[in-house]
Amino acid sequence: MLLILVGGMVFSRVQASVMGSIDGELQKKGDQVVRLVSLSAQVEGIPEPLLPFINATLEDPELYVQVRDRTRRVVYRSSNLLRAIIELPEPYYQQAMHGLAGYYNLSWEQPNDLRVYFAPIVVNGQTVGIVQVARSLQAQQQVLEQLGKNLFILFALALALAAGGGYWLTGMALRPIKEATATALAITRTGNLSRRVPVRTQRHDEIGALINTFNEMLDRLEALFEKQRRFSADISHELRSPLTTILGNISLLQRAETLPDEERADMIQEIRSEAERMHRLISDLLLLSQAESGQHPLHLELVELDRILVEAFRLAQRRAGDRLDIRLVHADRAVVRGDADRLRQVLDNLLNNAIRYTPDGGRIELGLICDKDWAVIRVQDTGQGIAAEDLPHIFDRFYRADKARTRAAGGTGLGLSIVKWLVEAHRGQIHVESTLGEGSTFEILLPLAEPCDQMHVREDDAHAA
Ligand code: ADP
């Protein structure tokens, strides 16, 4: 568009300047003739003797000159006109009769035009004749025509170049988007989330960012789907084994009528504990899924952590009985902002694990100290420990370091995932250190809500409390 505008302007400027120079020259020559003729002109008319000098005065073979009298009769024609006559249309004749000069174009030797300048010969305020000087526009028209053609070719070329370049550029720019669409379609059709949009060269523009984001999203989706798939498989597996035990025991009980009472009681006890495990598993799952969907807001209040610690410690002692030596080694009076029930659950899960994975005669130490802005709870056991390769995974759902043994120990494989989620929901941290065969130490850091009253609570104090 801009190109056409510029081209149009160039063309009209060139045309105007060419015509302007022709008109200027015609006027000059025309006026020269008028002056010459005027020398001898009278009110009655133009005497002829001077006319033959006109040609000699102008010295221009390209210039056509014609003189008419006031009746429009041609009284002189330059020799180069041969038999032709430069017409003088009525309106211009009238204009000349009114004493005004002017220009007009005449069709002449098609397709070339003749540019004509006419001027009146005035004597005593009366037009006694009219001078016409003309020049063929052939050369100029050819130049202008050539210019027009060249401009047109230039436009066509520029247009083709712009269109081609634009097509190529958009094609290049849109190629990654086409590939992304194809990838998305292929994923929809095949359900194969491992496909990615190919990245040939790293682009640092919006499209590059889009492709990277798209691929990252696919990474995350794939990981999520895989996690989900494993999770469903794990749940089915976790629920199937207690159900198998329960159903097996029930059919045995139904068939064997003469079972000794003791054996019957054992079987019923086994059914009960398996059912309890399923119950625990389902409650844990519910808690985790609520946690994930953000539906489980904590009931935050100021909680005296040391009290909860002492409660958990007593519960653990009762649960372990004489089997283990459980000690409360330190309890600063720490107040945190948290959900008391959930914090109790954290401690119960950690202590239950310590009890579960520590062989008879082992020791568990429980402590709470303040460290700067943190309340630090430490649960240390002399149990079986966790292998280094298992350590990074123990907070994953259903992860068990020793599959058979830990399931037999009654765990659901969800305890530590719940602990980690709860601690983080309290804006805390959890760390673990463990040596296989020597024991494990779990450490929880929770932000203090109030300055801590550091005071040592010995085991005897805790007993007395
Ligand atoms: P589980 O219900 O199986 O105990 P958890 O999520 O509580 O599930 O723990 C995950 C795994 O971490 C356990 O199966 C066990 O292998 C290991 N583990 C957790 N606590 C201890 C501990 N105190 N000593 C040794 N191993 C532990």
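Atoms within each ligand, like the ligands themselves, are counted from 1 in listed order.
Judged by the shortest distance from any of its heavy atoms, Gly383 lies outside the 4.0 Å radius around the atoms of ligand 1. Not a single heavy atom of Arg397 sits under 4.0 Å from any atom of ligand 1. Phe398 does not count as a contact of ligand 1, since none of its heavy atoms falls under 4.0 Å from the ligand.
Interatomic distance, CG of Leu147 versus CZ of Phe11, reported as 6.0 Å (0.5 Å rounding). The CG atom of Leu445 lies 11.0 Å from the CG atom of Asp373; values are rounded to the nearest 0.5 Å.
Using a 4.0 Å cut-off to heavy atoms of Tyr399, the atoms of ligand 1 that qualify are 10 (C), 11 (C), 14 (O). The atoms of ligand 1 that sit less than 4.0 Å from any heavy atom of Arg400 are 3 (O), 14 (O). Each of the atoms 1 (P), 2 (O), 4 (O) of ligand 1 lies under 4.0 Å from some heavy atom of Arg356. Listed by atom number, the atoms of ligand 1 under 4.0 Å from Ser440 heavy atoms are 22 (C), 24 (N), 25 (C).
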Below 3.5 Å, can you tabulate the donor-acceptor pairs from side chains in residues 360-370 to any protein atom, sequence neighbours excluded?
residue	atom	partner	partner atom	Å
Asp360	OD1	Arg323	NH1	2.5
Arg363	NE	Glu365	OE2	3.4
Arg363	NH2	Glu365	OE2	3.3

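Counting heavy atoms under 4.0 Å from ligand 1, residue Leu416 touches it through both backbone and side chain. Using a 4.0 Å cut-off between heavy atoms, Phe395 makes no contact with ligand 1 at all. When non-hydrogen atoms are compared, ligand 1 lies under 4.0 Å from the side chain of Asp381 (C-beta onward) but not from its backbone.
Heavy atoms from other residues, nucleotides or ligands lying under 6.0 Å from CZ of Arg264 number more than 12.
Paired with Tyr92 under the rule ring pair (Phe, Tyr, Trp, His ring centres under 6.0 Å), one option of Tyr103, Phe118, Tyr117 passes, and it is Phe118.
A side-chain donor-acceptor contact under 3.5 Å links Asn349 to the backbone of Gly415. No donor-acceptor pair under 3.5 Å is formed between the side chain of His426 and the backbone N or O of Leu298.
Every N/O-N/O distance between Ser417 and ligand 1 stays at or above 3.5 Å.
A cation-pi geometry, defined here as NZ or CZ lying under 6.0 Å from the six-membered ring centre and within 45° of its normal, holds between Arg397 and Phe231.
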